[in-house]
Amino acid sequence: MGKFLTTREENYSQWYNELVLKADLAENSAVRGCMVIKPYGYAIWEKMRDALDAMFKDTGHVNAYFPLFIPKSFFSKEADHVEGFAKECAVVTHYRLRNKADGKGIEVDPDAKLEEELIVRPTSETIIWNTYKNWIQSYRDLPILINQWANVVRWEMRTRLFLRTAEFLWQEGHTAHATQQEAIDETVQMINVYAEFAEKFMAMPVIKGHKTENERFAGALDTYTIEAMMQDGKALQSGTSHFLGQNFAKAFDVKFTSKEGNLEYVWASSWGVSTRLIGALIMAHSDDNGLVLPPKLAPHQVVIVPIYKGNDQYDLMREAGNKLKTELKNAGISVLFDDRDTHKPGWKFAEYELKGFPIRLALGARDLENGTIELARRDTLEKKTYPMDNIVRVVKDLLDEIQNNIYQKALNFRNQKTYHADTWEEFVDIIENKGGFVYAHWDGTNETEDLIKEKTKATIRCIPVDNPIEDGKCILSGKPSKQRVLFARAY
RNA sequence: CGGGGUAUAGCGCAGUUGGUAGCGUGCCACGUUCGGGACGUGGAGGUCGGGCGUUCGAGUCGCCCUACCCCGACCA
């Protein structure tokens, strides 16, 4: 087998960068920090989007769309929120260009200065709550359960394809409720939806938990997160759900009359996942031969590659291949039949392996004679010949098996790289030398958290939900602690 | 924004003391091939990132830009 990729062991981060490019998922664009998502990468996003969208609808949400631009003044209304995003906002200041006086190119027309500058949304809480103000008068107007699929811009200093780009695609849910409990329930419900999506569709185990005050969303009272472990042992925050309390309602003066006739502020939640999930998907499962995609998110679950000599055989294979494709399709399996005569079978084998197609079927003259077909599964790279008459059943079962297998593999990996540390020396040794997740006691202060980060680059990924209560001492300060929190270096 | 690096064919790179640009791969044509990225023959493809300077002559030397990459501070 030819070697096209840097191996994970050689240089994990280079492996990732090369894989994204070579698997044709995305590339850097002419715009600093912004990526072009190529058709194959976008197809994965569409699968994610469709699955998530269905889950949102099932939990009573509807889609809507709010503007890309946000008046600057909206941003100053919620203090923590401003502070969190101010440093990475793109700002529109003018609305017109003109030809330069010397005729060489164009320039911003200084006469076309906007009266109020516009922020390109880094997230939409402000514009949405400004809008909700007009929609909400009574408890009868609640709850509002809206999601939007959109792009957002955060002017990052250092970017990496999918993991951190200046512009990215995501969904953001914004809900309004009459009671605190309802808003909290919503927040919890949505982090559960994300966890279920990660585990069932992405085949990626995640740890659900609360963010610490330091890591919390700007403007939230409580942030829930799902944290996944990548194959280099680092954590990747894969989705967040925020209980916003009445912060935005107060900032935008959104009140409603309750059943009892009292005027009250509305309770809020917001929650989102982004194209970063594609980065997570890649780093959770792929290997040194290329992508490994879970069948539930692979743009095509099966590829059929015909093998033939001469036109007569080509015609036979096309006929047989199309028939097989139809049978698989009728069984609900997504299939690509690559009958291009412009590429050799060997080339196609390598290509689809690199692109992570879960199952490859190779159909040749020998098979037609014997009534067989060769099947190769991507996750284990095993090849086996099956009788043709039962192949749809075999493929269907195998797709389920692959989905389970890669989940199990990721889970085993995470378990193997998850540690408990009781002393500072132990903690540092694990973070520095082993990598992975470390459960350790923490005294609950921002100062200690910052100090640990400074010393080890490890951060508190979350305080897991259903965390066992256990008396202990903070690994750094030695102060008493009631529970362990999850530490790791993170993306 | 600091520190380091790179810029030459679509992509990856070489280019010696300064003498007018080459390799691999990919691309096109034809033929032989086709069960793990085939082979042969022929062919196309370059304002050497931009500007100014030194020189008879600059991919090569000097200065100034610009873009990108890597390492830090910030982050989904």
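Here is the naming used below: chain letters follow the sequence lines, and residue numbers restart at 1 for every chain.
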Under 4.0 angstrom, heavy atoms only, what part of the nucleic acid is [X] near: base, sugar-phosphate, or nothing?
{"X": "A:Gly272", "result": "nothing"}
{"X": "A:Leu163", "result": "base"}
{"X": "A:Gln237", "result": "sugar-phosphate"}
{"X": "A:Phe168", "result": "base"}
{"X": "A:Thr165", "result": "base"}

dist A:Asn214:CG -> A:Lys453:NZ (nearest 0.5 Å) comes out at 8.0 Å
**OP:** Report yes if a side-chain nitrogen or oxygen of A:Arg158 is closer than 4.0 Å to either non-bridging phosphate oxygen (OP1 or OP2) of B:rG72; otherwise report no.
**Re:** yes
In terms of side-chain geometry, is the basic nitrogen of A:Asp287 or A:Arg378 positioned less than 4.0 Å from the acidic oxygen of its partner? yes
| Do A:Thr123 and A:Arg121 have side-chain N/O donor and acceptor atoms under 3.5 Å apart? | no
For [X] and [N], what is the distance between atoms [atom1] and [atom2] respectively, to the nearest whole Å?
{"X": "A:Leu363", "N": "B:rC34", "atom1": "CG", "atom2": "P", "answer": "17 Å"}
{"X": "A:Arg160", "N": "B:rG72", "atom1": "CZ", "atom2": "C1'", "answer": "15 Å"}
{"X": "A:Glu156", "N": "B:rA73", "atom1": "CD", "atom2": "P", "answer": "14 Å"}
{"X": "A:Glu374", "N": "B:rG35", "atom1": "CD", "atom2": "P", "answer": "11 Å"}
{"X": "A:Arg377", "N": "B:rG36", "atom1": "CZ", "atom2": "C1'", "answer": "19 Å"}
{"X": "A:Glu353", "N": "B:rG36", "atom1": "CD", "atom2": "P", "answer": "12 Å"}
{"X": "A:Lys22", "N": "B:rU25", "atom1": "NZ", "atom2": "C1'", "answer": "11 Å"}
{"X": "A:Asn17", "N": "B:rC68", "atom1": "CG", "atom2": "P", "answer": "16 Å"}

Aromatic centroids of [Y] and [X] separated by under 6.0 Å:
{"X": "A:Trp347", "Y": "A:Tyr352", "value": "no"}
{"X": "A:Tyr132", "Y": "A:Phe252", "value": "no"}
{"X": "A:Tyr224", "Y": "A:His210", "value": "yes"}

Using atom [atom1] of each nucleotide, how far apart are [N] and [M] to the nearest Å?
{"N": "B:rC39", "M": "B:rU25", "atom1": "C1'", "value": "16 Å"}
{"N": "B:rU17", "M": "B:rG50", "atom1": "C1'", "value": "28 Å"}
{"N": "B:rG18", "M": "B:rG59", "atom1": "P", "value": "13 Å"}
{"N": "B:rG3", "M": "B:rU60", "atom1": "C1'", "value": "27 Å"}
{"N": "B:rG22", "M": "B:rG43", "atom1": "P", "value": "14 Å"}
{"N": "B:rA29", "M": "B:rC65", "atom1": "P", "value": "48 Å"}
{"N": "B:rG49", "M": "B:rC68", "atom1": "C1'", "value": "10 Å"}
{"N": "B:rA21", "M": "B:rU47", "atom1": "P", "value": "13 Å"}

Writing each nucleotide of RNA chain B 5' to 3' as (, ), [, ], | or . by Watson-Crick or G-U pairing under 3.5 Å yields (((((((..((((.....[..)))).((((((.....)))))).....(((((..]....))))))))))))....
Measure up the [X] and [Y] rings against each other and bin them: parallel (under 30°), tilted (30 to 60°), perpendicular (over 60°).
{"X": "A:Phe243", "Y": "A:Trp267", "value": "parallel"}
{"X": "A:Trp170", "Y": "A:Phe168", "value": "perpendicular"}
{"X": "A:Phe427", "Y": "A:Phe487", "value": "perpendicular"}
{"X": "A:Phe248", "Y": "A:His81", "value": "perpendicular"}

Using the side-chain heavy atoms of [X], tell me which of these nucleotides is nearest: [options].
{"X": "A:Pro345", "options": "B:rG35, B:rC74, B:rC69", "value": "B:rG35"}
{"X": "A:Lys87", "options": "B:rC74, B:rA76, B:rG72", "value": "B:rC74"}
{"X": "A:Lys309", "options": "B:rG36, B:rA76, B:rC34", "value": "B:rC34"}
{"X": "A:Asn28", "options": "B:rA76, B:rC69, B:rG35", "value": "B:rC69"}
{"X": "A:Lys344", "options": "B:rC34, B:rA76, B:rG72", "value": "B:rC34"}

Nearest heavy-atom approach of A:Lys234 to A:Ala490 is CE-O, 3.8 Å
Taking every heavy atom of A:Thr59 against every heavy atom of A:Val193, the minimum-distance pair comes out as CG2-CG2, 4.2 Å
- Determine whether any donor atom in the side chain of A:Lys383 lies under 3.5 Å from an acceptor atom in the base of B:rG36, or the reverse, and answer yes or no. yes
The answer to which of A:Arg360 and A:Tyr491 contacts RNA chain B further toward the 5' end, by nearest nucleotide, is A:Arg360
Walking RNA chain B from its 5' end, the first of A:Glu215 and A:Ser29 to be reached, judged by nearest nucleotide, is A:Ser29
Numerically ordered, the residues 118-128 of chain A set in heavy-atom contact under 4.0 Å with RNA chain B is none
